[in-house]
Trainee: 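Before we start, here is the structure in question, set down as structure tokens.
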Amino acid sequence: MDVEATKDVGRHEQAAPGRGRAARWLLVALNCGMLVVGTTGGPLISRLYFSKGGHRQWLSAWLQTAGWPLLLVPVAASYLSRRARHSGAPLFLTPRRVLLAGVGLGFLNGADDFIYAYGLAYLPVSTSAILISTQLAFTVFFACLIVRQRLTAATLNAVALLTIGAVVLGLHASKDRPAGVTSGKYWMGFFLTLGAAALYGLILPLVELAYKHAAGGGRTVTYALVMEMQLVMGFFATAFCTVGMVVNKDFQAIPREAKQYELGEARYYVVLVFNAILWEFFFVGAVGVIFCVHTLLAGIIIAVFIPITEVLGVIFLHEKFSSEKGVALLLSLWGLASYSYGEYADAKAKKKAALEAEEASLELSLIMEVEAAATQRQPCKNGSTTKQQQPSAGRSFRNPLLVVNFVLMVVGSACGPLLLRAYFLRGGNRKWLSSLLQTAGWPLLLVPLWFSYYSRRRREVEDGGGAAATPLFLMTPRLLVASAVVGLMTGVDDLLYAYGLAYLPVSTSSILISTQLAFTAAFALLLVRQRFTAFSVNAVVLLSVGAAMLGMNAGGDRPAGVSRAQYCAGFAMTLGAAALYGLVLPVMELSQARHAAARGTVTYTLVMEMQLVIGFVATAFSAIGMLVNNDFHAIPGEAQEFGLGQAGYYLLLAGSAAMYQCFFLGTIGAIFYGSALLAGVIMTVLIPVTEVLAVMFFHEPFNGTKGVALALSLWGFVSYFYGEVRAAKAAAHRRHSDEPPKPDHLDP
């Protein structure tokens, strides 16, 4: 190993080819390997100490840095090598100011070791490992503040997911409490472990900052200097813990604890020795990775090996692995994947930008040469003008109509489920009737369609074509059939949704329905070739995890009078409704796209005609179901027994029909002016409105699991929306780049 390998901090010099580059990659691999071994083995052997009879937190903290003498070998080898080359070589390469920083960092490390050891005494390794993974969030935050590490969308996503994962564990704390540990001690260990993650998230950027100060004034930072820094930090961290052990009389207690240890006295000391060795691997690997690459990579490696630690804890220490741990683990791994992909995409974009800049510079120089030659041949005429493109009249109406449709979706999405749930809560029991109400407002569309027809007819008369030449409908037979099929699918979807809402709280149903964004994205990819981005994939995964969380805790918010079987059936039906509506949206977009390809245009009137047919067919489907189920005969009797009175019953039915018609009309309008995915995203973002209204008016329970699922769905929406904004900006930039340059008009 070349202990004199260098890193020019703050300089962007190209690495020397050959031996120097190979040595650097060997150094990176070596430090990553040590960090991996320490990350997985250190927590396991520390927990083994506590689980088999160890009780000394200060001793456990002391062991995490007590392996610092192992560094004397490479540090001494480096000194002897320098002494052989130069007789007056200094004993230490590290400047005095940086050594003092190392002393401070050593004390911080010692405090962090004690906090971590105290937490691990009362937590399973699997729980502790997931909590420690949040250090990536703290590392990102402090790296942004201290060393000006750039914060990207992928990094923010990783931070958010790791934080939510820790919250999931907190909501279901004590389910995996080790035997003999009280609830108070468990919570103490929980928060101390989080504190240790936060403190180590501060230490890593401070170490990088120390390297930068060491490189000040043109000084070169070598790997030997890194070893010296870790030697100083380990020595003072161990000294800090030694003082704690002396005060706590741990040295006197070690022989007694060794005799009572479950694995035997000899193995007790073996556990202590390997404790020190494995943790030294961890710390040396961490500072080495920071030296060779940067702080965030060290944090990422620590986070990525959480599952290894988890699995080893379950295998060797027989710890419980609950579904909540599985969700937290999945979130932490997805956060890691998000960060890694972001770093990869960022590096790729930088490389591409550098190449494009070089090509643009070359092209600009050629253009300037051509223009200079042309100017010399013929002077430019004055008074040349550039024709400006007139704004499209159609585009001026696009945004207001999109806003109108968004408002219709807001009203329908927020009020429709509440009115329908009120129907079931106050004594309604007819699922087919509830299904019919969701599309029974289709006659309301006859008013705007009549005005549209009258307007077209008047224009035809004014143009001399005659009233008979005006078609009653703009739809083609093919589009009519497609709309009828979509109407049938909508009717089935309405029945599934109504069945689910009969047995689920609105808050639970709304979160489950939000998963339709995932299904919409999948079907849009298949049917209309909607482009999948990293952000839309992230949104799909988060919505799926949120629904899975609700499923794992099914029954916790079961309404009174609803059996567990009914609750589960409602759960499955609501997911089915989300999946089917996720198919309906892209099918509608596909129908509009094919009509546009055949006829050249799709108008908003045509969109309303489509919704009219869809609503009519869906209502006919539900009406047949009502006839078979004798629902029409049961309505008067149900109205008399309704909790809000007979008049309130019919008002509720009419209001439900009107609200759902607003929802469907707004949805198909959003598809027309945007896309199927846009409609799905708008539905998702309205979830919290429905949630809050349900809790306010129906006093539904809102537990922590629902809160996490809601946070995941909203974060998924933010991810998708940000990705769409980025994609739109990139497309606009590409269009601008593809436009031919507009040079001054030159005569040939």
Side-chain angles (χ1 to χ4, degrees), residues 37-70 109-132 174 176-190 192-193 196 234 237-283 305 308-321:
V37 172
T39 300
T40 54
L44 285 172
I45 202 159
S46 291
R47 182 59 196 162
L48 180 66
Y49 164 76
F50 286 113
S51 64
K52 298 302 180 181
H55 301 287
R56 300 286 163 177
Q57 283 88 3
W58 278 110
L59 172 59
S60 179
W62 185 84
L63 290 170
Q64 291 178 47
T65 51
W68 64 266
L70 296 174
N109 232 330
D112 182 70
D113 293 343
F114 175 70
I115 295 172
Y116 174 74
Y118 207 106
L120 194 60
Y122 302 125
L123 294 180
V125 170
S126 51
T127 302
S128 175
I130 294 176
L131 290 175
I132 282 294
S174 301
D176 62 342
R177 199 165 67 233
V181 176
T182 65
S183 180
K185 288 181 178 179
Y186 183 95
W187 278 109
M188 183 186 296
F190 190 95
L192 285 175
T193 305
T238 307
F240 176 86
C241 295
T242 301
V243 173
M245 288 183 68
V246 170
V247 173
N248 204 42
K249 298 182 179 179
D250 282 2
F251 287 108
Q252 294 91 323
I254 288 175
R256 184 171 62 254
E257 192 173 69
K259 291 178 181 178
Q260 298 172 354
Y261 199 63
E262 292 182 20
L263 299 179
E265 189 172 358
R267 290 182 179 177
Y268 174 84
Y269 291 109
V270 170
V271 168
L272 298 191
V273 170
F274 274 94
N275 234 314
I277 294 173
L278 289 175
W279 280 114
E280 193 59 32
F281 275 16
F282 170 81
F283 286 112
F305 278 90
I308 306 297
T309 309
E310 293 263 348
V311 172
L312 293 176
V314 172
I315 293 175
F316 294 112
L317 302 179
H318 308 291
E319 293 179 351
K320 298 177 183 177
F321 192 81

Trainee: Return the set of residues passing side-chain contact (heavy atoms from CB on, under 4.5 Å) with Y268 (not counting sequence neighbours), or none when no residue passes.
Mentor: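 Scan of Y268 (side-chain contact (heavy atoms from CB on, under 4.5 Å), adjacent residues dropped) gives Y49, L59, I254, E257, A258, Y261, L272.
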Trainee: Tell me whether the count of non-hydrogen atoms from other residues, nucleotides or ligands lying under 6.0 Å of CZ in F281 goes above 12.
Mentor: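 Atom CZ in F281 is not crowded, with 12 or fewer foreign heavy atoms closer than 6.0 Å.
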Trainee: Can you name the side-chain contact (heavy atoms from CB on, under 4.5 Å) partners of A111, sequence neighbours left out?
Mentor: L199, F240
Trainee: Taking atom CG of L63 and atom CG of D113, what is their separation to the nearest 0.5 Å?
Mentor: 10.0 Å
Trainee: Is any side-chain heavy atom of S60 closer than 4.5 Å to one of Y116?
Mentor: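 Contact flag for Y116/S60 side chains = no.
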Trainee: Apply side-chain contact (heavy atoms from CB on, under 4.5 Å) to L192 and list each qualifying residue two or more places apart in sequence or on a separate chain.
Mentor: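 Listed in chain order: I115, Y118, M188.
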Trainee: Using the test ring pair (Phe, Tyr, Trp, His ring centres under 6.0 Å), find all partners of F283 that sit at least two apart in sequence or belong to another chain.
Mentor: none
Trainee: Which distance, rounded to the nearest 0.5 Å, do you find between the CG of D112 and the CD of Q64?
Mentor: 7.5 Å
Trainee: Could you tell me which residues satisfy side-chain hydrogen bond (donor to acceptor under 3.5 Å, both in side chains) with S128, sequence neighbours excluded, listed by chain and number?
Mentor: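 Partners of S128 by the side-chain hydrogen bond (donor to acceptor under 3.5 Å, both in side chains) criterion come out as none, since no residue qualifies.
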Trainee: Which salt bridge (Lys or Arg N to Asp or Glu O under 4.0 Å) pairs, counting each pair once, include a residue from residues 54-63, with sequence neighbours left out?
Mentor: R56-D250
Trainee: Atom NZ of K52 and atom CZ of R267: how far apart are they, to the nearest 0.5 Å?
Mentor: 10.5 Å
Trainee: How close do P43 and G38 get, counting heavy atoms only, and between which atoms?
Mentor: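 Of all heavy-atom pairs spanning P43 and G38, the closest is CD-O, 3.6 Å.
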Trainee: Which residues satisfy the side-chain hydrogen bond (donor to acceptor under 3.5 Å, both in side chains) test with N275, sequence neighbours excluded?
Mentor: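 Result, side-chain hydrogen bond (donor to acceptor under 3.5 Å, both in side chains) vs N275: S46, W279.
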Trainee: Who pairs with V270 by side-chain contact (heavy atoms from CB on, under 4.5 Å), at least two apart in sequence or on another chain?
Mentor: F274
Trainee: Listed by chain and number, what are the ring pair (Phe, Tyr, Trp, His ring centres under 6.0 Å) partners of W62, not counting sequence neighbours?
Mentor: none
Trainee: Distance from L278 atom CG to T40 atom OG1, nearest 0.5 Å?
Mentor: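 That separation rounds to 8.0 Å.
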Trainee: State, yes or no, whether a side-chain contact exists between Y122 and Q57 at a heavy-atom distance under 4.5 Å.
Mentor: yes
Trainee: With side chains defined as the heavy atoms from C-beta onward, is the minimum distance between L120 and T193 less than 4.5 Å?
Mentor: no
Trainee: Kindly compute the distance separating CG (L123) from CH2 (W187), expressed to the nearest 0.5 Å.
Mentor: 10.5 Å
